[in-house]
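Working notes for the structure below.
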Amino acid sequence: MSESARVDAWLWAVRVYKTRSAATTACRAGHVRVNGDRAKAAQPVRPGDELRVRINGFDRHLVVRQAITKRVGAPAAAAAVEDRTPPPPPRTEVPFVPVRDRGAGRPTKRERREIDRLRGRDGDDR
């Protein structure tokens with residue numbers, strides 16, 4: 001293994017992105033930062049470099065342990081990266097509120113009963 005590797009090849013090799021072209025596209029879009037600076041696809045990464053990768057709206061904080069350029073087995077890929085991503089915040093339960101399309105008319109008797117059931121009401125309010 002060499003002392004440095006292209007950032008797009010390394011991200012692909014450690015399975016952050018499925019394809020190398022996806023890693024290159026992420027670099028071009030500015031979703032990859034190496035030591036705080038925006039990274040181009042050909043920028044070399046060395047052991048000890050910190051990467052911040054934005055995937056699906058969330059940042060992953062990765063530290064390079066080993067510079068690899070070829071796709072290797074999962075245990076070897078896991079050994080080449082240290083994931084320092086903080087755990088996501090806990091989800092809060094939001095009750096489901098039924099939404100009717102505007103202009104859909106009045107709810108049917110069945111739909112009204114389902115709406116009442118979701119709101120926690122029973123139909124015996126008379």
Side-chain angles (χ1 to χ4, degrees):
M1 310 275 170
S2 63
E3 289 186 25
S4 67
R6 286 176 55 117
V7 68
D8 61 342
W10 186 83
L11 288 169
W12 167 72
V14 296
R15 293 174 165 78
V16 175
Y17 290 101
K18 282 189 174 186
T19 62
R20 184 163 167 192
S21 63
T24 304
T25 304
C27 290
R28 281 193 194 128
H31 298 302
V32 178
R33 293 182 175 271
V34 176
N35 296 325
D37 298 325
R38 284 178 65 167
K40 291 187 177 182
Q43 180 173 340
V45 290
R46 293 173 180 76
D49 284 349
E50 294 182 16
L51 277 73
R52 187 175 235 168
V53 183
R54 189 172 240 346
I55 302 175
N56 298 330
F58 296 101
D59 280 353
R60 287 188 63 189
H61 303 275
L62 308 171
V63 177
V64 179
R65 283 190 187 165
Q66 213 176 16
I68 57 175
T69 57
K70 298 290 182 189
R71 195 112 162 163
V72 292
V81 62
E82 179 182 345
D83 195 351
R84 292 186 182 170
T85 306
R91 287 184 165 182
T92 57
E93 285 293 321
V94 178
F96 174 74
V97 179
V99 178
R100 292 183 55 82
D101 293 333
R102 189 167 174 88
R106 291 177 51 181
T108 63
K109 187 181 244 185
R110 181 179 185 180
E111 290 171 339
R112 182 186 52 79
R113 287 180 179 156
E114 289 174 357
I115 291 169
D116 287 344
R117 199 174 308 119
L118 283 171
R119 290 184 176 165
R121 301 185 209 145
D122 31 320
D124 300 328
D125 289 339
R126 296 181 189 179

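Summarising the geometry, atom CG belonging to Asn35 is positioned 12.0 Å from atom CZ belonging to Arg33; distances are rounded to the nearest 0.5 Å. In this structure, CD on Gln66 lies 13.0 Å from CD on Glu82, to the nearest 0.5 angstrom. Note that the CD atom of Glu114 and the CZ atom of Arg110 stand 6.0 Å from one another [nearest 0.5 Å]. Here His31 contributes atom NE2 and Arg38 contributes atom CZ; the two are 9.0 Å apart, rounded to the nearest 0.5 Å.
Scanning for side-chain contact (heavy atoms from CB on, under 4.5 Å) contacts around Ala13 gives Ile68, with sequence neighbours left out. Here Val16 pairs with Leu11, Val14, Val53, Ile55, Arg60, Leu62 under the side-chain contact (heavy atoms from CB on, under 4.5 Å) rule; sequence neighbours left out. Take Arg28 and apply the side-chain contact (heavy atoms from CB on, under 4.5 Å) test, not counting sequence neighbours, and it matches Thr24.
Side-chain contact between Trp10 and Leu51 is present, with at least one heavy-atom pair separated by less than 4.5 Å.
No donor-acceptor pair closer than 3.5 Å links the side chain of Ser4 to the backbone N or O of Val45. Checked by atom type and distance alone, the side chain of Arg46 never pairs as donor or acceptor with a backbone atom of Val64 at under 3.5 Å.
Residue Arg112 comes nearest to Pro107 through the heavy atom pair N-CB, 4.2 Å, listed as atom of the first residue, atom of the second, then distance. In terms of heavy-atom proximity, Lys40 sits nearest to Cys27 at C-CB, 4.2 Å. The minimum heavy-atom distance linking Thr19 with Trp12 is given by the pair C-CD1, 3.4 Å. Of all heavy-atom pairs between Asp83 and His61, the closest is OD1-O, 3.2 Å. Residues Asp8 and Ala41 come closest through the heavy atom pair OD1-O, 3.0 Å.
Under a cut-off of 6.0 angstrom, the local environment of CZ in Arg52 is sparse, with at most 12 non-hydrogen atoms contributed by other residues, nucleotides or ligands.
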